[in-house]
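Here's the structure, in structure tokens; my notes come after.
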Amino acid sequence: MTAAPPAAPSWRTARRSLALDRARIVGIINVTPDSFSDAGAHLAPRDAVAAALAMREAGADILDVGGESTRPGAVTPSVTEELRRVIPVIEQLAADVGLPVSVDTRRAEVAVRALAAGAEIVNDVSALAKDPAMAEAVASAGAGVVLMHMRGEPDTMDALATYDDVVAEVALELAARRDRALEAGIPAEAIVLDPGLGFAKHPAQNLALLNRLQRIVALGHPVLVGPSRKRFLGAVTGRGVDGRDAATAAACVAARLRGASLFRVHDVPGAREALTVADAILGAQA
Ligand code: HH2
């Protein structure tokens, strides 16, 4: 394992350096017929643009476009189908909305085409492990990258949620993925790490990761969390998927107080308000 670089105050993407001096919100634009929360909501590019404009208005900083649901049981689309879903949406978002666009994909071919269409960040839930060509695709485009922790595949991950110390093991496994990215020529300033809430983790393990998130922050990269509407929040609150936005905002605040910088959410207004309060508290000196 190579030594961790110092924490980056900003995130280098293919098109800019994004300051991380305040909580940054990543609005979720799922262009999928089967996502667990917003399935089918943004399938047409014009619907995606309308949703993105509303997110921008509400304080989103980045738009994350995904064409493959990673929930257990979801059908993996063909590459052609994934491209058909995401590329027209990314083209329009990059042209019309003016926020940095991220592509949520595990496929290098989709990443390359998305970056050419105007995306500047690759959000890979396999942390470059699924497609051997992905690291090179990210490196050669100078893209920002989110390396998310998971084990196995969406269909096998629940059975792999066995840890002696979930926080230590996630940190170790993420550091190994980070090291592979550095070896592939991706600069440290382009790398964001994500503990992968809900991916190969039982509810209590997600809560432990949030409670001890400083261990992930200590790896020396900005940290993104994606608690939005996930099952572990239902386990705590008893609420169904559509009633978890307040719980999501609470999880974002907890993560912010422990050093997370980026927050991937469906409900941008709720997260923005909660994180504005968190940042005001963090900045208060009197
Ligand atoms: N969670 C999901 C998808 N992509 N990317 C990162 N970096 N972190 C996450 O926690 C994360 C992610 C799952 O949520 P969603 O996109 O709403 O659902 P689905 O995979 O069913 O489309």
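- Between Val31 and Val65, the closest side-chain pair of non-hydrogen atoms falls below 4.5 Å.
- With contacts defined as side-chain heavy-atom distances shorter than 4.5 Å, the pair Val122/Ser102 does not qualify.
- Here the straight-line distance linking atom CZ of Arg71 with atom NZ of Lys230 works out to 13.5 Å at 0.5 Å rounding.
- With contacts defined as side-chain heavy-atom distances shorter than 4.5 Å, the pair Val101/Glu120 does not qualify.
- For the pair Arg15 and Gly118, the tightest heavy-atom approach, listed with the atom from each and the gap, is NH2-CA, 3.4 Å.
- Between Leu182 and Ile191 there is a side-chain heavy-atom pair separated by less than 4.5 Å.
- Side chains of Arg231 and Asn206: a donor-acceptor N/O pair is absent below 3.5 angstrom, by distance only.
- Counting heavy atoms from C-beta on, the side chains of Thr248 and Leu233 come closer than 4.5 Å.
- For Arg180, the CZ atom sits in a loose shell: 12 or fewer heavy atoms of surrounding residues, nucleotides or ligands are nearer than 6.0 Å.
- Both Val79 and Val138 are members of a single hydrophobic cluster when ILVMFWY side chains are connected at heavy-atom separations under 4.5 Å.
- One side chain, Glu82 or Thr105, offers a donor N or O that lies under 3.5 Å from an acceptor on the other.
- A donor-acceptor contact under 3.5 angstrom links the side chains of Asp124 and Ser126, judged on distance only.
- In this structure, the side chains of Arg258 and Val217 stay at 4.5 Å or more apart for every pair of heavy atoms.
- Between Arg85 and Glu81 a salt bridge is recorded (basic side-chain N to carboxylate O distance below 4.0 Å).
- Atom CZ of Arg177 and atom CG of Leu193 lie 11.5 Å apart (nearest 0.5 Å).
- Sparse packing is recorded around CZ of Arg113, with 12 or fewer heavy atoms of other residues, nucleotides or ligands lying under 6.0 Å away.
- Taking the side chain as every heavy atom from C-beta outward, Leu262 and Val225 never approach each other to under 4.5 Å.
- With salt bridges taken as basic N to acidic carboxylate O contacts below 4.0 Å, one links Arg212 and Asp165.
- Proximity of Leu275 to Phe263: side-chain heavy atoms (C-beta onward) are separated by under 4.5 Å at one or more points.
- Atom CZ of Arg16 has more than 12 heavy atoms from other residues, nucleotides or ligands within 6.0 Å.
- Between Arg22 and Asp61, at least one side-chain nitrogen of the basic residue sits less than 4.0 Å from a carboxylate oxygen of the acidic one, meeting the salt-bridge criterion.
- In this structure, CG in Leu197 is found 13.0 Å from CE in Met150, a value given to the nearest 0.5 Å.
- Around atom CD of Glu273, no more than 12 heavy atoms belonging to other residues, nucleotides or ligands sit under 6.0 Å away.
- Across all non-hydrogen atoms, the minimal contact from Pro77 to Glu68 is CD-CG, 3.6 Å.
- In this structure, Arg106 pairs ionically with Glu153, as a charged nitrogen and a carboxylate oxygen lie closer than 4.0 Å.
- Using a 4.0 Å cut-off between charged nitrogen and carboxylate oxygen, Glu169 and Arg151 count as a salt-bridge pair.
- No more than 12 heavy atoms of other residues, nucleotides or ligands lie within 6.0 Å of CZ in Arg239, so this atom counts as exposed by the packing criterion.
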